[in-house]
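No experiment lies behind these values; they were computed from the predicted model shown. Whatever order the structure lists them in is the order used to number ligands and atoms, beginning at 1.
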Amino acid sequence: MNTKISLKSLMALFLIMGITAGLTAFFGYFSAKPMTIDVNTLKKRTNLIPVAIIGSGPAGLTSGIYGARSGIPTYIFEGNKPGGLLTETTEVENWPGETLILGPDLINKMHQQAQDLGVTFVADTIESIDTSQWPYMLTLESGVQVHALSVIIATGATPRRLGIPGESEYWGYGVTTCAVCDAPFRKGQDVIVIGGGDSAVEEAIQLAPHARTVTIMVRKDHMRAAARMQDRLRGYNNIKIRFNVDVKEVIGEQVEGQFGPIKRVTAVRVYDNKTNEEFIMNDIRGVFLAIGHIPNSQLFCEHIECDDNGYIKPQGRSQKTSLRGIFVAGDVADHVYRQAITSAGFGCMAMLDAAAFLGDIEFTDQLAEDIEAQMYYPETLGESTVLQPRTMQELKHIIAESKKPVIVDFYGDLCPSCLQMLPVYNRVAGEMADEAIFVKVNVDEAEDIVKHFNVLTVPCIMAITDGKPQKPAYRTMRRKELMSFVEAASSQQK
Ligand code: NDP
């Protein structure tokens, strides 16, 4: 009897606790932060931002366009990968109104539109966010701290890696996720693309005009890519597809190069999951990964609700997150649709939600005017002088004339990571003009320079100290890393 009563009371207790927890969560969402704007408080702050958009892919740019059009001072923090993943695609034929357009051209048009409407672009990356105070405090890579009344997270996703032996060792030496970057370096070679989605098809098509053979390695007995994308493969005799295969290892070797031993891929070890047989594919020089993406949400998941896979969870049919005043748009919250057009749609929704939030907290045009002096005005750097030699003779002349180290950035017109690196490079060139001479070389236009230095892939950053080339770095660098690279070169110069 006693047990019965205590069970009942226990159940009632749980029910009450459940309801209380639910109500707390419900009201907590709306009252977690002190959201009344006190103009006087804001007047004491500096570096204020009404809407901070983090990320500059289709989601972030569309948010920017909607924000600027509605007269809200709108800032886009471009991040490490300005333009996002769309800069890595070639032909886009499903953007309404554009029968056929290149991904980078589409993103450039959006960027231009946002800029013309008055969006402030900041060539910086958010390093941390403090949500324990409002306005939310964002710390930038440059060390600057800004205070955002509202935030739209549009940080996108990053290509996934396989995690197999040899992948890290040969990363940049044949293993990559960027076909447009590496295709010109794979002339006449045999390469593989791993994955069965639209990206795998894209990569294979980008590689086919350069490589001798391209084999798409699909783990299932069918491809996930859209039928129309698969149809595009038919036009290429040198593209093959192998089904039911798992690539288990990247194999390579070291060969003597101009700056000492360099690595290169030579083969892959493959497991046929239908026959249970393992075999080696020899003479493979390039391994291109196209196996999906992981959301760029690492900075945020300790503050706002994310799902088990790290995707930020929008609340209901909105782009609100679990924290009031913070919104989300694009691939960082979407593992289902993942299209440029849906990202743009979510970007529009996020800005409409952010504008409604600013309305709720009575952020008016008058208030915007009152706090104009407290707004964030990004530092504008003077024009940096980056030289662009087209021949080895021109570059030799620059090296001979210079008493400082010469830093060379090799880039390709179609290489997204190179194009993303250029603003960082220009910025550091402006900041460190006293320490080095900065040079950029377009690998498509200056073949003799590329041959002279035996450049294997782009992006490639090389320091020339006392007239001698040093071992190059085959990767994109963030501002701080590039600054350390220049400082190291400067300290080597006699
Ligand atoms: P998807 O997630 O669509 O496809 C990933 C592919 O990689 C799948 O075939 C998957 O296999 C395979 N894969 C995943 N993990 C592994 C692994 N460990 N080993 C081997 N294979 C693996 O990603 P995508 O990047 O291709 O596409 C993302 C989105 O972008 C899609 O919505 C796509 O439509 C869009 N997109 C559109 C383009 C265009 O329209 N031009 C171009 C490129 C992308 P499985 O099928 O077995 O899961």
Side-chain angles (χ1 to χ4, degrees), residues 57-59 81 83-107 156-168 175-181 183 192-208 214-233 235 239 241-250 268-274 278 281 287-296 309-311 330-346 414 416:
K81 207 175 167 64
L85 288 175
L86 198 55
T87 57
E88 285 181 18
T89 46
T90 49
E91 294 174 354
V92 177
E93 51 180 15
N94 52 11
W95 186 268
E98 297 279 2
T99 317
L100 184 69
I101 186 166
L102 294 177
D105 290 347
L106 181 56
I107 213 80
T158 298
R160 195 188 292 278
R161 293 196 187 189
L162 268 175
I164 54 172
E167 182 189 47
S168 296
V175 185
T176 176
T177 54
C178 183
V180 278
C181 307
I192 61 165
V193 174
I194 305 176
D198 288 347
S199 299
V201 173
E202 275 258 325
E203 302 247 307
I205 290 172
Q206 285 156 3
L207 287 160
V214 182
T215 310
I216 305 179
M217 310 290 280
V218 183
R219 65 178 172 183
K220 289 190 181 143
D221 62 0
H222 60 275
M223 291 186 84
R224 186 194 288 204
R228 204 174 144 74
M229 290 293 281
Q230 292 188 50
D231 284 348
R232 286 174 65 191
L233 292 173
I239 300 182
I241 308 174
R242 283 193 88 136
F243 292 102
N244 297 109
V245 279
D246 298 316
V247 176
K248 291 288 187 192
E249 185 183 354
V250 178
V268 284
R269 188 164 60 83
V270 183
Y271 170 69
D272 185 319
N273 57 42
K274 207 169 177 188
E278 224 173 60
M281 275 174 84
V287 176
F288 294 84
L289 303 182
I291 56 167
H293 297 89
I294 38 177
N296 296 326
N309 297 316
Y311 288 91
D331 286 2
V332 69
D334 170 30
H335 56 91
V336 181
Y337 303 104
R338 297 177 299 180
Q339 303 297 304
I341 187 74
T342 49
S343 290
F346 290 134
L414 286 176

Do Met281 and Thr215 come close enough that some side-chain heavy atom pair is under 4.5 Å? yes
Which atoms of ligand 1 have any heavy atom of Ala290 under 4.0 Å away? 6 (C), 7 (O)
Can you list the ligand 1 atoms lying under 4.0 Å from a non-hydrogen atom of Gly195? 7 (O)
Could you tell me if the side chain of Trp95 sits less than 4.5 Å from the side chain of Ile341, heavy atoms only? yes
If we only count heavy atoms from C-beta on, is the Ile164 to Lys248 side-chain gap below 4.5 Å? no
Any Glu98 side-chain heavy atom under 4.5 Å of Asp105 side chain: no
Does the side chain of Pro295 reach to within under 4.5 Å of the side chain of Asn309, using non-hydrogen atoms? no
Could you identify the single nearest non-hydrogen protein atom to atom 16 (C) of ligand 1 and state the distance to 0.1 Å? Arg219 NH1, 3.3 Å
Name the residue from Asp246, Asp221, Val245 that meets the side chain to side chain contact (heavy atoms under 4.5 Å, CB included) definition with Asn273. Asp246
In terms of residue, atom name and distance, what is the protein heavy atom nearest to atom 29 (C) of ligand 1? Arg338 O, 3.7 Å
Which residue and atom name correspond to the protein heavy atom nearest atom 1 (P) of ligand 1, and how close is it? Arg224 NH1, 3.7 Å
Side-chain heavy-atom pair Pro159, Leu85 within 4.5 angstrom cut-off: yes
What protein heavy atom sits nearest atom 39 (C) of ligand 1, and how far away is it? Met229 CE, 4.3 Å
Taking atom CG of Leu289 and atom CZ of Arg160, what is their separation to the nearest 0.5 Å? 11.5 Å
Going by heavy-atom distance to atom 36 (N) of ligand 1, choose the closest among Ile164, Ile216, Asp198. Asp198
Option with minimal heavy-atom separation from atom 22 (C) of ligand 1, where the choices are Ile194, Asp331, Val92, Ile291: Ile291
Which one of Ser199, Gly163, Gly292 has a non-hydrogen atom at the shortest distance from atom 5 (C) of ligand 1? Gly292
Pull out every atom of ligand 1 sitting under 4.0 Å from any heavy atom of Asn94, numbered as shown with elements. 40 (O)
Here the atoms of ligand 1 under 4.0 Å from any heavy atom belonging to Leu162 are 17 (C), 18 (N), 19 (N)
Side-chain heavy atoms of Ile192 within contact of Val270, under 4.5 Å: no
Does the side chain of Val250 come within less than 4.5 Å of Leu162's, by heavy atoms? no
Among Gly197, Ala157, Pro159, the residue with a heavy atom nearest to atom 4 (O) of ligand 1 is Gly197
closest protein heavy atom to atom 41 (N) of ligand 1 is Glu202 OE2, 3.5 Å
Any atoms of ligand 1 less than 4.0 Å from a non-hydrogen atom of His293? List them with their elements. 25 (O)
Suppose we measure from atom 9 (O) of ligand 1 to each protein heavy atom; which comes out shortest, and what is that distance? Gly196 N, 2.9 Å
Close-contact set for ligand 1 against Tyr337 heavy atoms, below 4.0 Å: 32 (O)
Roughly how far, to the nearest 0.5 Å, is CD of Gln230 from CG of Asp198? 8.5 Å
Given Gln339, Glu203, Arg232, identify the one with the heavy atom nearest to atom 32 (O) of ligand 1. Gln339
